[in-house]
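Working notes for the structure below.
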Amino acid sequence: MAVATAAAVLAALGGALWLAARRFAGSGVQRQRGGGDSGLMHGKTVLITGANSGLGRATAAELVRLGARVIMGCRDRARAEEAAGQLRRELRQAAECGPEPGVGGAGELIVRELDLASLRSVRAFCQEMLQEEPRLDVLINNAGIFQCPYMKTEDGFEMQFGVNHLGHFLLTNLLLGLLKSSAPSRIVVVSSKLYKYGDINFDDLNSEQSYNKSFCYSRSKLANILFTRELARRLEGTNVTVNVLHPGIVRTNLGRHIHIPLLVRPLFNLVSWAFFKTPVEGAQTSIYLASSPEVEGVSGRYFGDCKEEELLPKAMDESVARKLWDISEVMVGLLK
């Protein structure tokens, strides 16, 4: 029995290593397409929500390398300042050691406090942005919360729907004027493949009748896609584009609310190492949509791995998208 168990573990490990090698061998092409030459984003201001860790941090690092002035909109200012300091050091070291002198020194990182679970915070953040920033070239709605226990935002909304959809809905709407005046400009929305398992229940958007953390996450990600498509329709002719993406399965701290039994953790860590993307790999589509000339003028589309992908019919339902928009406007106080 012990021999058989050991053999099975070794076989699983060997398979994981083989698959990991295949994935890593192909990651260079993905990064090459998502990234670009230093200076590509020179003179552009980019706002990234949730930029102190995971996908947001990786996206910020690459866009700064490309010359952008990146504003990190983060809930925890201290953690964001620490992350920004680390990024500056990493970029300086890359510039000193890399084959291209000066790489990493062209861009700039700015930290600003933004709590998407508080509409008051979103409004204060946007007021500061409008007062201090003459332009905004790219807005990346990246921050999110994943499968948390039932809790509510400061304004009484279910946390996942409140942060992932409503907070970004208000943020984007309040910054639309600045984006339009900076056109051509772009909005990038980070969703998830898990949207497929969600539905928009207009009778219980706040999950007060029942709560399933997995379903509610999927619903918030479906809302991201419906929001993107409706916003693209409203922005026609403005030279402001908006696209939505899924990053794939990425090793980040987004799953901090998921409990993994102690005995299973070693196997889970092995599987995640072999099959999950790194934050840098997962960020490539965000970087691509924010910077690539290939998607200039493209709007209202859904992307994965830097390529356009098809959506399920429920994510393309225009009547649901318009109704969700109208209700969201009321929920965040844009309409009384």
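Computed from a predicted model, the values in this text were never measured in an experiment.
Classification of Glu132 and Arg112 as a salt-bridged pair holds, one side-chain N sitting under 4.0 Å from a carboxylate O. Using a 4.0 Å cut-off between charged side-chain N and carboxylate O, Glu113 and Arg75 make no salt bridge. A salt bridge links Glu62 with Arg65: at least one charged nitrogen is closer than 4.0 Å to a carboxylate oxygen. In this structure, Arg57 pairs ionically with Glu90, as a charged nitrogen and a carboxylate oxygen lie closer than 4.0 Å. A salt bridge links Glu133 with Arg69: the closest approach of a Lys/Arg side-chain nitrogen to an acidic carboxylate oxygen falls below 4.0 angstrom.
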Checking Tyr195 against His246 for the ring-ring contact (aromatic ring centres under 6.0 Å, His included) test, could you report, in this order, the C-alpha distance in whole Å, the side-chain angles of both residues, the deciding distance, and whether it holds? CA-CA 9 Å; Tyr195 86 86; His246 75 80; 8.8 Å; no

Given salt bridge (Lys or Arg N to Asp or Glu O under 4.0 Å), test Arg79 with Glu82 step by step and report yes or no. CA-CA 5 Å; Arg79 287 181 59 195; Glu82 181 181 358; over 6 Å; no

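Of the possible donor and acceptor atoms, one in the side chain of Asp115 sits under 3.5 Å from a partner among the backbone N and O of Ala117. For Asp204 (side chain) and Glu208 (main-chain N/O), a donor-acceptor pair under 3.5 Å exists by modelled atom type. Using modelled atom types, one side-chain atom of Ser218 and one backbone atom of Ser214 make a donor-acceptor pair closer than 3.5 Å. Using a distance-only test at 3.5 Å, with no hydrogens or angles considered, no donor-acceptor pair links the side chain of Ser185 to the main chain of Ser182. A distance-only check finds no donor-acceptor pair linking the side chain of Thr59 to the backbone of Ser286 [under 3.5 Å]. With hydrogens and angles ignored, the 3.5 Å screen pairs no side-chain donor or acceptor of Lys196 with any backbone N or O of Leu312. Judged purely by atom type and a 3.5 angstrom limit, Thr45 has no side-chain atom pairing as donor or acceptor with the backbone of Asp137.
Looking at Ser207 and Arg219, their side chains do bring a donor and an acceptor atom within 3.5 Å of each other. In this model, a donor atom of one side chain and an acceptor atom of the other lie less than 3.5 Å apart for Asn164 and Ser220. Checked by atom type, the side-chain pair Glu310/Tyr302 shows no donor-acceptor distance below 3.5 Å. Side-chain polar atoms of Asp305 and Thr285 form no donor-acceptor pair below 3.5 angstrom.
Listed here is the closest heavy atom pair of Arg301 and Val298: CG-CG1, 3.6 Å. Listed here is the closest heavy atom pair of Arg229 and Ala315: CD-O, 3.2 Å. Summarising the geometry of Cys126 relative to Leu171, their closest heavy-atom pair is SG-CD1, 3.6 Å, with the distance given to 0.1 Å. When all heavy atoms of Val138 and Ala290 are compared, the closest pair comes out as CG2-O, 3.7 Å. The nearest pair of heavy atoms linking Gly50 to Asn142 is O-ND2, 3.2 Å. Contact record, Leu91 with Val64: CD1-CG1, 3.5 Å, taken as the closest heavy-atom pair.
Note: the hydrophobic cluster containing Phe202 also contains Leu334 (ILVMFWY, side chain heavy atoms under 4.5 Å, direct or indirect links). Tyr150 and Leu116 fall into different hydrophobic clusters, where Ile, Leu, Val, Met, Phe, Trp and Tyr are joined by side-chain heavy atoms under 4.5 Å apart, directly or via other members. Transitive grouping of hydrophobic side chains (ILVMFWY, heavy atoms separated by less than 4.5 Å) keeps Leu335 and Leu176 in distinct clusters. No single ILVMFWY cluster, assembled from side-chain heavy atoms under 4.5 Å apart, contains both Phe215 and Tyr217.
Around atom OH of Tyr197, no more than 12 heavy atoms belonging to other residues, nucleotides or ligands sit under 6.0 Å away. The environment of CD in Glu318 is sparse: at most 12 heavy-atom neighbours from other residues, nucleotides or ligands sit within 6.0 Å.
The distance from the CG atom of Leu130 to the CZ atom of Phe125 is 10.0 Å, given to the nearest 0.5 Å. A distance of 9.5 Å separates OG1 of Thr241 from CG of Leu179, quoted to the nearest 0.5 Å.
Under the 6.0 Å distance and 45° angle rule, Lys152 does not count as a cation-pi partner of Phe157.
Residues satisfying the side-chain hydrogen bond (donor to acceptor under 3.5 Å, both in side chains) criterion with Tyr211, sequence neighbours excluded, are Gln160. Under the rule for a side-chain hydrogen bond (donor to acceptor under 3.5 Å, both in side chains), the partners of Glu296 that lie at least two apart in sequence or sit in another chain are Arg186.
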